[in-house]
Amino acid sequence: SAVISQKPSRDICQRGTSLTIQCQVDSQVTMMFWYRQQPGQSLTLIATANQGSEATYESGFVIDKFPISRPNLTFSTLTVSNMSPEDSSIYLCSVSGPHQPQHFGDGTRLSIL
Amino acid sequence: ILNVEQSPQSLHVQEGDSTNFTCSFPSSNFYALHWYRWETAKSPEALFVMTLNGDEKKKGRISATLNTKEGYSYLYIKGSQPEDSATYLCAFMDSNYQLIWGAGTKLIIKP
């Protein structure tokens with residue numbers, strides 16, 4: 001299975017600032033996803049990162065708040081913009097092939113002061 | 001039901017005891033049911049992908065069953081060990097390949 005490197009692993013940020021999370025995969029993958037898990041909640045899909053085009057966002061998530069890049073089939077970034085305490089979560093990238101389970105990065109634990 | 005529900009939310013089990021917990025999901029537009037184990041400070045790890053009604057899968061001391069007609073899956077752990085302590089997530093995949101996640105069952109094994 002693919003090896004996924006996600007960084008940073010954790011960060012503490014000031015409200016109003018932005019943070020970019022990187023996800024690097026050791027092989028080309030078709031599908032890359034960004035998830036969030038807020039405290040006590042289930043995993044929530046933010047968006048599907050599409051190579052060479054704009055990401056596909058789920059209901060409740062917008063590009064201005066969570067801009068995503070995917071310049072090639074092995075790399076993607078998620079930016080959390082203008083952060084507030086409600087953005088404190090674990091952010092995860094994952095990859096999947098057709099009809100395959102998801103393989104996740106180690107996650108980024110983000111706290112906003 | 002329109003979402004995926006897992007019960008119980010948390011569970012304390014004595015080391016050596018066996019346990020099980022439930023994932024309930026929509027009984028229509030079923031494509032697959034995934035189980036994952038999420039240990040603290042690690043990433044979620046896929047345990048099983050189940051697609052057929054009546055399917056039963058096993059991985060060591062962990063097994064899972066699937067009933068797509070009534071919309072539930074059970075995860076069983078036989079002879080619990082401390083390393084089994086984790087949050088167990090299920091995810092329902094519909095016929096459009098959309099994944100809907102449960103909130104997880106947090107399992108704590110007491111030595």
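In what follows, every chain begins at residue 1, and chains take the letters A, B, ... in the order their sequences are listed.
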Atom [atom1] of [X]: over 12 foreign heavy atoms under 6.0 Å:
X	atom1	answer
A/Lys65	NZ	yes
A/Ile12	CD1	no
B/Lys57	NZ	yes
A/Glu58	CD	yes

Using the rule that Ile, Leu, Val, Met, Phe, Trp and Tyr join whenever any side-chain heavy atoms are under 4.5 Å apart, tell me whether [X] and [Y] fall into a single cluster.
X	Y	answer
B/Tyr76	B/Met50	no
A/Ile112	A/Trp34	yes
B/Ile109	B/Leu75	yes
B/Leu33	B/Ile62	yes
A/Val95	A/Tyr91	no

Specify which of A/Gln37, A/Gln6, A/Arg10, A/His103 makes the most heavy-atom pairs with chain B at under 4.5 Å. A/Gln37
Side chain, backbone, both or neither: which part of B/Leu47 has a non-hydrogen atom closer than 4.5 Å to chain A? neither
Pull out the residues in residues 75-84 of chain A that come under 4.5 Å of chain B, heavy atom to heavy atom, sorted by number. none
Give, as side chain, backbone, both or neither, the part of A/Ile90 having an atom under 4.5 angstrom from any heavy atom of chain B. side chain
Are A/Tyr35 and B/Trp101 near enough that their ring centres are under 6.0 Å apart? yes
State, with a plain yes or no, whether a side-chain heavy atom of A/Gln102 is found less than 4.5 Å away from one of B/Tyr36. yes
Does B/Trp38 reach the side chain of A/Leu43, with side-chain heavy atoms less than 4.5 Å apart? yes
Between A/Gly105 and B/Ser43, which heavy-atom pair has the shortest distance, and what is it? O-CB, 2.6 Å
